[in-house]
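In this chain, numbering begins with 1 at the start of the sequence shown.
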Amino acid sequence: MSFDRGASRPADQTTVRRANLGVVLRHVASAGPCSRAQTAAETGLTRGTVSSLVSELVALELVRETGETTSPRGTGRPGAALELADVVVGVGLEVNVDYVAVSVEDLRGAVRYERRSYRDNRSSASSTVLDRLGRAARSALDASLREGLRPIGVSVAVAGLVEEASGTVVNAPNLGWVDLPVADELEARIGVPVHIENEANLAALAEHWAGAAVGIDDFVCVFGEVGVGGGIVLGGRLFRGFHGFGGELGHVLVAAEGCECACGSRGCLETFAGVESIARAAGVSAVEGRLRSLTDELVRRAEDGAPRVLGALDDAGRWLGIGLASAFNLLDVRAIVLGGCFGPLAPWLVDGVRETLEARSLAARSGSFVVLPSAFGDVAAVRGAAALSLHRVLDEPWTLGVPNGPPRPLLAPTARAKRRGKEVAIGRH
């Protein structure tokens, strides 16, 4: 929807211009190189309005002219082509039990900087792990500035229950974190606002924006590491639930008398389908103590046809199917995306997931669905974290300041601890 005609009250002019600024930016993002005239014709705005808005977007370093001309899609003369600029970037961080990762991504979807450091975070004090995260963030920010880039947001992916509005990790069982104010702690270390989000949610956003689930508005992204997370997208929006804890697929009960879980319950899905559980069943020991090495070793042995490994992976796929069957019956989703360690293991998991869903879910048996490997694998969460602030800018470009104007801080959720952060629509731009 666009706004062009005069508003009924003068006080609405700012709101109208802001809405139109977003309309033009999203059009350039979705249409690719296009002229001002094409943008006006396809958005319903006047050419004068579009020209003024484009000038503002160029000043904000969100849009640039390519130096080429575009052929008109109807009548009219060729015009200077516009495209998204690549100066503004988002910084994403991820903390898991054995690594800290960072990724910097620009508006065009290109990764400009990325690092992953393997350390044992489970046996480290939370302050030590946060120091590691802080150093990773500061290195990424400094590298971005040296390259002339403009960081506009820092987001962190954490495996656990996250209270988004306050930036608190309520419970991350595999890290041993309880009621830890991660956002405040990191802001004190790096001097800029920080946004915290569940890793499976961010993985789901990454897959929907630019990965396996582009064009799919109802799906579950199953993100596997030591634990198992679920990012749920319904009607093109991330589902959070009342407290923001929705999607804890790994703690769905699948065996009442099963093993004890790190969460304190018994028989949780992740005790059967987490990567360490799969490795134990397959007789695979950790290589240098790293989960990625476990996954690589499982893949290698599966490709070699090792019977015990193939059996363990088939069992894991069936346990995942049992955990997902209820989600299918309750939510009627169209797809499952296998992310994290499940991405590279997908060739040996998909059949078990599919067959179990068809056997145990009326919705899956009666409708059509697909099981897809992640497009990003084990970097999906950190890529989603990097892209989060960029997509907020696509929705609200006026929140940026002009680079040569008065200095402004990085974007951050407003009124933290007073209300939940604004919901992000994740329909394809």
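- Using a 3.5 Å distance cut-off with no hydrogens or angles, the side chains of Arg392 and Ser389 do not pair a donor with an acceptor.
- Looking only at distances, a side-chain donor or acceptor of Asn198 sits under 3.5 Å from a matching main-chain atom of Gly160.
- For the pair Arg119 and Tyr99, the minimum side-chain heavy-atom distance is 4.5 Å or more.
- Side-chain N or O atoms of Ser144 include none that pairs as donor or acceptor with a backbone N or O of Leu149 at under 3.5 Å.
- Defined by atom type and a distance below 3.5 Å, a donor-acceptor pair is missing between the side-chain atoms of Asn329 and Ser326.
- Every pair passing side chain to side chain donor-acceptor pair (under 3.5 Å) that includes a residue from residues 300-310 is listed here, sequence neighbours excluded: Glu297-Arg300, Glu297-Arg301, Arg300-Asp304.
- Taking the side chain as every heavy atom from C-beta outward, Leu324 and Arg360 never approach each other to under 4.5 Å.
- Pairs of residues two or more places apart, or lying in two chains, that qualify as ring pair (Phe, Tyr, Trp, His ring centres under 6.0 Å) and include a residue from residues 328-347 are Phe328-Phe369.
- Ala346 pairs by the side-chain contact (heavy atoms from CB on, under 4.5 Å) definition with Leu338, Val350, Pro373, not counting sequence neighbours.
- No side-chain donor-acceptor contact under 3.5 Å links Arg189 to the backbone of Gly134.
- Ionic pairing of Glu114 and Arg383 is not present here: no N-O contact between side-chain nitrogen and carboxylate oxygen is shorter than 4.0 angstrom.
- Classification of Asp142 and Arg146 as a salt-bridged pair fails, no side-chain N sitting under 4.0 Å from a carboxylate O.
- Here the closest heavy-atom approach between residue Val275 and residue Cys341 is recorded as CB-SG, 3.7 Å.
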Ignoring hydrogens and angles, write down the donor-acceptor pairs under 3.5 Å from the side chains of residues 245-267, residues two or more places apart or on other chains.
unit_1 : atom_1 : unit_2 : atom_2 : d
Arg266 : NE     : Gly258 : O      : 3.1
Arg266 : NH2    : Gly258 : O      : 3.4

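- The backbone N or O of Ala213 sits nowhere less than 3.5 Å from a side-chain atom of Glu207 that would complete a donor-acceptor pair.
- Salt bridge present: Asp378 and Arg116 bring a charged side-chain N and a carboxylate O closer than 4.0 Å.
- For Asp218 (side chain) and Gly235 (main-chain N/O), a donor-acceptor pair under 3.5 Å exists by modelled atom type.
- In this structure, the side chain of Arg112 engages the main chain of Asp86 through a donor-acceptor pair within 3.5 Å.
- Glu163 places none of its side-chain heavy atoms less than 4.5 Å from the side chain of Val169.
- Within the 4.5 Å cutoff, the side chain of Asn174 has heavy atoms near those of the Glu270 side chain.
- Annotation: side chain of Leu313 is in contact with side chain of Ile278 (closest heavy-atom distance under 4.5 Å).
- Side-chain atoms of His195 and Glu164 form a donor-acceptor pair, as typed in the model, at a separation below 3.5 Å.
- Listed by first then second residue, pairs satisfying salt bridge (charged side-chain N to carboxylate O under 4.0 Å, His left out) with a partner in residues 28-38 read Arg36-Glu65, not counting sequence neighbours.
- Using a 4.5 Å heavy-atom threshold, the side chains of Arg132 and Asn121 count as touching.
- Pairs passing the salt bridge (charged side-chain N to carboxylate O under 4.0 Å, His left out) check and including a residue from residues 330-353, sequence neighbours excluded, do not occur.
- Under a cutoff of 6.0 Å and an axis angle of 45°, Arg237 and Phe239 do not form a cation-pi pair.
- No salt bridge links Arg26 with Glu396; every basic N to acidic carboxylate O contact stays at or beyond 4.0 Å.
- If you check the side chains of Glu105 and Tyr113, you find no donor sitting under 3.5 Å from an acceptor.
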